[in-house]
Amino acid sequence: MGIRWVLPPPLPPALPPVALGALFPSLSVSEEPLTFSQCKSMARGPASSVFRFYASKKNVSRIRVLLCNQYLTSFGQHERLVTQNLSPSPLSEVPNRPFFTSLVDLNRQGLLSRRENYLGSDAFDVKPFSSVVEDGDEDLNENSERSKVLVDSVSEFDADVGNAVENGVNDKDSRIFDEKCGVGENCDSTMVELEKGAGNGESYVHVAYRDPVELYRELRNAEKAAKQRRSDWESLREIFSLLGKSGWASDQALAIYIGRAFFPTAVAKFRNFFFKKCSADLAKYLVSLGPSDGAVKFLFPIFVEFCLEEFPDEIKQFRGMVSSADLTKPHTWFPFARAMRRKIIYHCGPTNSGKTYNALQSFMEAKKGIYCSPLRLLAMEVFDKVNALGVYCSLLTGQEKKFVPFSNHVACTVEMASTDDMYDVAVIDEIQMMADPHRGYAWTRALLGLKADEIHLCGDPSVLNIVRKICSDTGDELCEQHYERFKPLVVEAKTLLGDLRNVRSGDCVVAFSRREIFEVKLAIEKHTEHRCCVIYGALPPETRRQQANLFNDQDNEFDVLVASDAVGMGLNLNIRRVVFYTLSKYNGDKIVPVPASQVKQIAGRAGRRGSRYPDGLTTTLHLNDLDYLIECLKQPFDDVKKIGLFPFFEQVELFAGQLPNITFCQLLEKFGENCRLDGSYFLCRHDHIKKVANMLEKVQSLSLEDRFNFCFAPVNIRDPKAMYHLLKFASAYSQSVPVNIYMGMPRGSASNDKELLDLETKHQVLSMYLWLSQHFKRDNFPYVKKAEAMATDIADLLGKSLIKANWKPEVRNPGKPKPQQKADGYERPRSLIKQYEK
Ligand SMILES: Nc1ncnc2c1ncn2[C@@H]1O[C@H](COP(=O)(O)OP(=O)(O)OP(=O)(O)O)[C@@H](O)[C@H]1O
């Protein structure tokens with residue numbers, strides 16, 4: 001936002017002041033700075049009632065001019081006071097002039113100074129009267145003598161500065177001004193000010209036009225505060241309370257490195273200082289504004305001066321902290337990738353349109369390739385598929401490393417993608433996950449940092465625009481390939497009419513909680529001839545694959561799949577119809593509608609090229625939910641505006657150097673509060689990391705790096721048993737003793753839901769052990785083989801348990817809302833979408 005300069009219209013020199021006001025509507029606003037001679041002519045000219053300007057002889061272009069007009073009637077309370085004050089007005093017949101806009105613009109356009117500490121002051125939206133010149137120029141307040149002429153009325157003023165003869169004001173005053181102000185080539189600075197209404201009872205209004213730097217200096221030098229009425233003190237107290245609570249002021253204070261945490265303290269100190277020193281006029285003026293935005297904006301620049309003088313250490317510390325938490329320009333974090341000429345190919349389209357298939361063709365044809373998957377399961381699928389097609393490919397996930405001899409290809413989870421190795425072709429699957437609130441940073445890092453000549457992105461169009469922007473930042477060439485679904489998805493309007501007895505072979509019933517999944521399975525198996533496979537996130541990938549194979553295989557009775565949203569990605573499934581059991585889910589806080597993008601992704605699993613059901617159908621259990629389903633499918637893809645980012649350990653370490661005496665969890669919190677991001681990025685949510693960090697505070701001797709790494713271990717933070725094991729692993733690691741698996745093998749498959757939950761937890765703990773063994777020195781985790789064997793056995797037991805599972809599910813989280821209990825043997829939810837709408 002540039003500074004705008006107000007130029008008066010050219011005026012006939014002999015125009016009487018009464019006529020001048022009418023000319024103000026034609027004030028032009030120029031983007032160009034005024035020349036010094038223009039300023040001079042304005043100062044001498046008759047156009048305005050009040051001129052106030054500062055000039056530096058060093059650089060005329062830095063002159064700032066504020067042109068005020070005393071006849072404004074709509075420029076806030078304080079201008080009204082000015083108007084009232086100027087009675088009897090010689091110009092009372094002059095119509096109100098729309099000068100207001102120009103003046104406000106001028107106010108808002110950042111005439112505020114830019115001294116070194118005012119970094120980011122473009123964002124300021126405060127009284128622009130700070131007297132500091134731009135760009136480190138000599139501070140006029142400090143180093144130059146300023147002259148001041150006080151004149152009693154508008155016409156006299158006009159006469160003084162410009163048209164003394166024409167307006168009948170004596171030459172002597174004019175000379176005084178010239179001498180004192182030195183309006184001429186050699187003047188240091190010039191300031192002309194009007195004491196409005198002096199002597200008529202409201203003399204304080206001149207305060208509105210005073211330079212905040214000066215006001216601050218006067219306050220600082222004052223011996224003590226003027227006496228005020230009790231009610232005025234009350235009013236002032238309210239104004240300061242408003243300042244302390246003002247989000248606007250706290251945001252603006254960041255520009256001078258007064259952090260949000262320190263802001264209330266700074267305001268409290270400022271208030272104490274102010275109350276000890278304030279003059280009668282200043283207090284009266286503020287009281288006249290009352291506890292309002294106007295008062296806050298008036299006080300703010302004075303507050304800034306106070307802070308700059310009083311809190312240099314705090315400002316320096318916060319500045320250091322902010323610069324060490326600088327996450328702006330993440331594309332510059334990967335200089336090697338920036339030095340490459342990369343070609344990005346965006347395979348853009350809905351599900352089941354052949355995006356991944358085409359990208360994998362290029363991957364397999366390359367000499368050296370990397371495939372980055374959103375899930376372990378999908379990495380395993382690609383690993384199997386590619387090796388089966390004769391291309392040697394290794395597997396790398398957080399939990400396992402399967403090296404295939406002579407392989408130049410690797411299928412990995414996106415977090416494990418190496419930004420050190422060079423590749424001919426890289427594939428990043430489900431690129432829209434860049435916007436995922438928790439894991440988005442991993443996709444962003446892969447896109448920015450992979451060293452590959454060709455990078456294939458597969459995903460829906462939601463992140464296309466942001467990828468375009470990133471490519472223009474990185475200088476990579478972008479090539480877009482758009483896809484359509486092989487066969488359109490058809491919505492079945494009939495629905496299941498609320499009755500699970502209407503499921504058919506090839507259906508996938510989608511529910512959004514583990515409890516609901518087992519309820520549905522139980523109901524279907526009890527009331528129909530169908531048998532159900534289940535897939536949900538807490539199951540190990542091996543078990544999910546086993547269940548998928550069971551469902552795909554036609555030679556068995558398992559012809560219905562009951563699944564969570566985990567079915568939306570990664571598995572090749574022969575689904576005829578996707579049936580939404582509900583279209584609402586618990587988001588950890590409350591019941592919310594399932595986002596349209598997720599509904600599309602899941603519904604799109606129905607019908608798959610080359611499968612038994614190439615035509616896809618989708619519907620809902622309840623008629624009530626159908627409209628929402630249709631609405632979701634009709635909705636265009638979101639246009640994602642921001643993608644995720646998370647600091648590397650080195651960045652956190654640098655930040656930690658600024659705050660040596662706080663816990664790691666507090667450190668993460670502070671980082672979140674103070675980090676700076678470009679507009680296209682957000683800091684990924686890290687509540688789960690903080691929760692682990694909190695728990696690990698008990699483990700004393702972990703280094704910062706180890707602590708950081710432990711916090712990323714895959715653990716279900718809502719499962720106390722899993723958290724307990726993580727704590728034990730970290731404790732043993734910190735004592736440099738071999739980390740053991742303190743867990744026995746279950747005797748057999750589960751015969752109730754409690755045992756099933758136990759198997760799930762045990763597998764997660766083993767998976768965590770394997771993850772830690774990959775992310776820390778292997779020597780510290782000597783029982784990897786044992787953990788792998790146990791994990792395989794447990795996944796097997798889980799598969800067996802699921803086949804015979806016909807029990808009511810345990811409630812893992814009793815806080816969740818329960819569906820309605822029906823008398824006919826199984827629980828059915830009401831349409832939660834309808835409930836939500838109500
Ligand atoms: N040209 C092709 N020849 C044979 N089969 C194909 C071809 N293109 C795609 N397919 C098959 O179609 C199915 C869907 O393709 P693919 O997985 O590539 O779609 P997608 O758009 O990536 O979908 P999603 O986003 O759901 O993963 C797969 O089973 C794939 O093997």
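Quick caveat: nothing in here was measured; it's all calculated off a predicted structure. Indexing begins at 1, ligand by ligand and atom by atom, following the structure's order. Numbering of residues begins at 1 and proceeds along the displayed sequence.
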### Query
Could you give all pairs that pass the ring-ring contact (aromatic ring centres under 6.0 Å, His included) test and reach residues 442-499, with sequence neighbours left out?
His347-His456, His347-Tyr483
### Query
With sequence neighbours left out, what residues match His686 under side chain to side chain donor-acceptor pair (under 3.5 Å)?
none
### Query
Where the closest heavy atom to atom 22 (O) of ligand 1 is concerned, which of Asp460, Leu360, Thr356 has it?
Thr356
### Query
Side chain, backbone, both or neither: which part of Pro350 comes within less than 4.0 Å of ligand 1 when only heavy atoms are counted?
backbone
## Note on the structure
Out of Asn358, Thr351, Asn352, Asp429, the nearest non-hydrogen contact to atom 14 (C) of ligand 1 is supplied by Asn352
### Query
Out of Arg608, Gln432, Lys355, who gets a non-hydrogen atom closest to atom 28 (C) of ligand 1?
Arg608
### Proximity to ligand 1 by part of Met569, non-hydrogen separation under 4.0 Å
neither
#### Entry: Residue selection (non-hydrogen contact nearest atom 4 (C) of ligand 1) among Tyr357, Tyr483, Phe486
Tyr357
### Query
Less than 4.0 Å between a side-chain N and a carboxylate O, is that true for Lys585 and Asp565?
yes
### Message
Can a side-chain donor-acceptor contact be found between Thr620 and Thr495 if the only test is distance below 3.5 angstrom?
### Response
no
### Message
Under 3.5 Å between any N/O of Arg605 and any N/O of ligand 1: does that happen in this structure?
### Response
yes
### Message
Tell me if the aromatic rings of His409 and Tyr371 count as close, with their centers under 6.0 Å from one another.
### Response
no
### Query
Does any non-hydrogen side-chain atom of Leu633 lie less than 4.5 Å from one of Thr618?
yes
### Query
Does Ser353 come within less than 4.0 angstrom of ligand 1, counting non-hydrogen atoms of the residue?
yes
